[in-house]
Amino acid sequence: MMVAETAALRRSPLAHREAEFAELGQLVPRVSLREEPFLTQVNLRVHPGSPALARIERELGLTLPGRPNTVARVADGSSTALGSLTALGSLTALWLGPDEWLIVAPDGLAAELTERLAAALDGSLGSAVDVSANRTTLLLAGASARAVLESGCAVDLHPRAFGSGDCVQTMLARAQVVLWQLDDRPSYRILVRGSFADYLADWLSATIRTEGKSR
Amino acid sequence: MLLIECPWCGGRDETEFGYGGQAHVPYPEDPHALTDAQWAEYVFIRDNPRGPYAERWVHSAGCRRWFNAVRDTGTNDVKATYPIGARKPVTS
Ligand SMILES: [Zn+2]
């Protein structure tokens, strides 16, 4: 009940820039930028290869990615233990470290997800923590999206090195981000701390304008 | 700019990393048995070679894991990186 009461009071870090982002899209149609506010984010730590990890994978209905800087995804509406939850959208696990993942899901699932993960951990060494309020998400997509990112990111984002289903924790314009490519359009999700969101939005906005003039 | 190979994430810019000093400095088996001079030796005194030097780095802006690296202090060439707990690789 608390959730329902507080949900109406929430304000995402970039809510006040919605009109600006839309205007930017008119100005430079090759790339679009918008905030995806309030995504559920749960930080999961558990030993790789442990029985607890196997229980969690059963619970989530997906194999947690073991390869660094990749994601694993449960498709929309698939029938898993979390089927009722994923009916609301997809659930993705991002590799953050050899014993650490970030579970990203639609808004409103944090409480149930952390509860289920904690139950699956069942006292084993590990943790499942709701970190949804730590970062907000920017969705950058379109033909020029990669060029925009490349002017502020040292990681090789060329398709030969980075593609759909890959993620990196790195610096974008000197802000720490989790960058995650969703599809080959390309579309990227940029997860950034709330306190850095305005700065990063400023940088993205300026870079998109420059990109618009360069062709 | 140094390019450092994180054992987990691969090659990244030096600016993503933090430095942690000399690697493979064993914690004293019985700290209470140490004299002040021996404790000071453990806490403060480090090798300072010119040439290959095993040191600790942390991938702060990436996976946030500590690892070890062998860096040539004369040329800044990072000869090898390896996970904590692994033996120091032989470099020439
Ligand atoms: Zn790393």
Side-chain angles (χ1 to χ4, degrees), chain A residues 41 43-49 64-71 93-102 127 129 131 134-135 149-158 160-163 165-181 190-193 195-196 199-200, chain B residues 1-29 31 52-91:
Chain A
Q41 296 166 60
N43 186 280
L44 172 69
R45 297 206 61 172
V46 59
H47 278 298
L64 292 170
R67 199 155 64 83
N69 303 314
T70 58
V71 312
L94 284 73
W95 184 98
L96 294 188
D99 58 2
E100 184 176 9
W101 291 268
L102 185 71
S127 63
V129 181
V131 294
N134 184 14
R135 307 181 188 91
L149 292 175
E150 280 169 345
S151 37
C153 183
V155 171
D156 187 2
L157 299 176
H158 188 277
R160 74 179 162 240
F162 194 84
D166 288 337
C167 67
V168 277
Q169 301 165 88
T170 188
M171 312 285 275
L172 177 60
R174 286 158 294 167
Q176 212 175 330
V177 297
V178 182
L179 179 67
W180 160 22
Q181 186 172 339
I190 307 164
L191 283 70
V192 62
R193 293 208 174 89
S195 52
F196 280 82
Y199 159 74
L200 195 64
Chain B
M1 176 84 71
L2 291 180
L3 276 176
I4 299 174
E5 188 86 8
C6 168
W8 302 106
C9 304
R12 299 288 180 88
D13 281 358
E14 172 192 359
T15 47
E16 292 195 4
F17 296 86
Y19 184 68
Q22 185 176 358
H24 307 296
V25 178
Y27 189 75
E29 257 177 45
Y53 188 43
E55 50 196 18
R56 300 181 299 181
W57 286 81
V58 60
H59 192 188
S60 324
C63 63
R64 292 151 293 123
R65 262 56 185 186
W66 284 91
F67 61 92
N68 292 330
V70 177
R71 180 179 60 97
D72 189 311
T73 58
T75 62
N76 245 348
D77 184 19
V78 180
K79 303 272 188 198
T81 54
Y82 51 105
I84 295 285
R87 290 173 69 92
K88 182 181 155 186
V90 180
T91 55

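A note on names: the letters A, B, ... follow the listed sequences, proteins ahead of strands, and every chain is numbered from 1. Computation of the quantities below employed the complete heavy-atom set of this structure, encompassing side-chain atoms and omitting hydrogens, waters and symmetry-equivalent molecules.
In this structure the side chain of A/Val168 reaches within 4.5 angstrom of the side chain of B/Arg12, judged on heavy atoms.
More than 12 heavy atoms of other residues, nucleotides or ligands lie within 6.0 Å of CZ in B/Phe17, so this atom counts as buried by the packing criterion. Heavy-atom contacts from other residues, nucleotides or ligands closer than 6.0 Å to CZ of B/Arg64 number more than 12.
Here the shortest heavy-atom pairing between A/Val155 and B/Glu16 reads CG2-OE2, 4.4 Å. Between A/Gln169 and B/Gly62, the shortest heavy-atom contact is OE1-O, 3.1 Å.
The most heavy-atom pairs under 4.5 Å with chain B, out of A/Asn69, A/Asp156, A/Val177, come from A/Asn69. Across A/Met171, A/Arg67, A/Glu100, A/Arg174, the residue that shares the most heavy-atom pairs under 4.5 angstrom with chain B is A/Glu100.
Of the inter-residue distances, the one linking B/Ser60 atom OG with A/Gln176 atom CD reads 8.0 Å to the nearest 0.5 angstrom.
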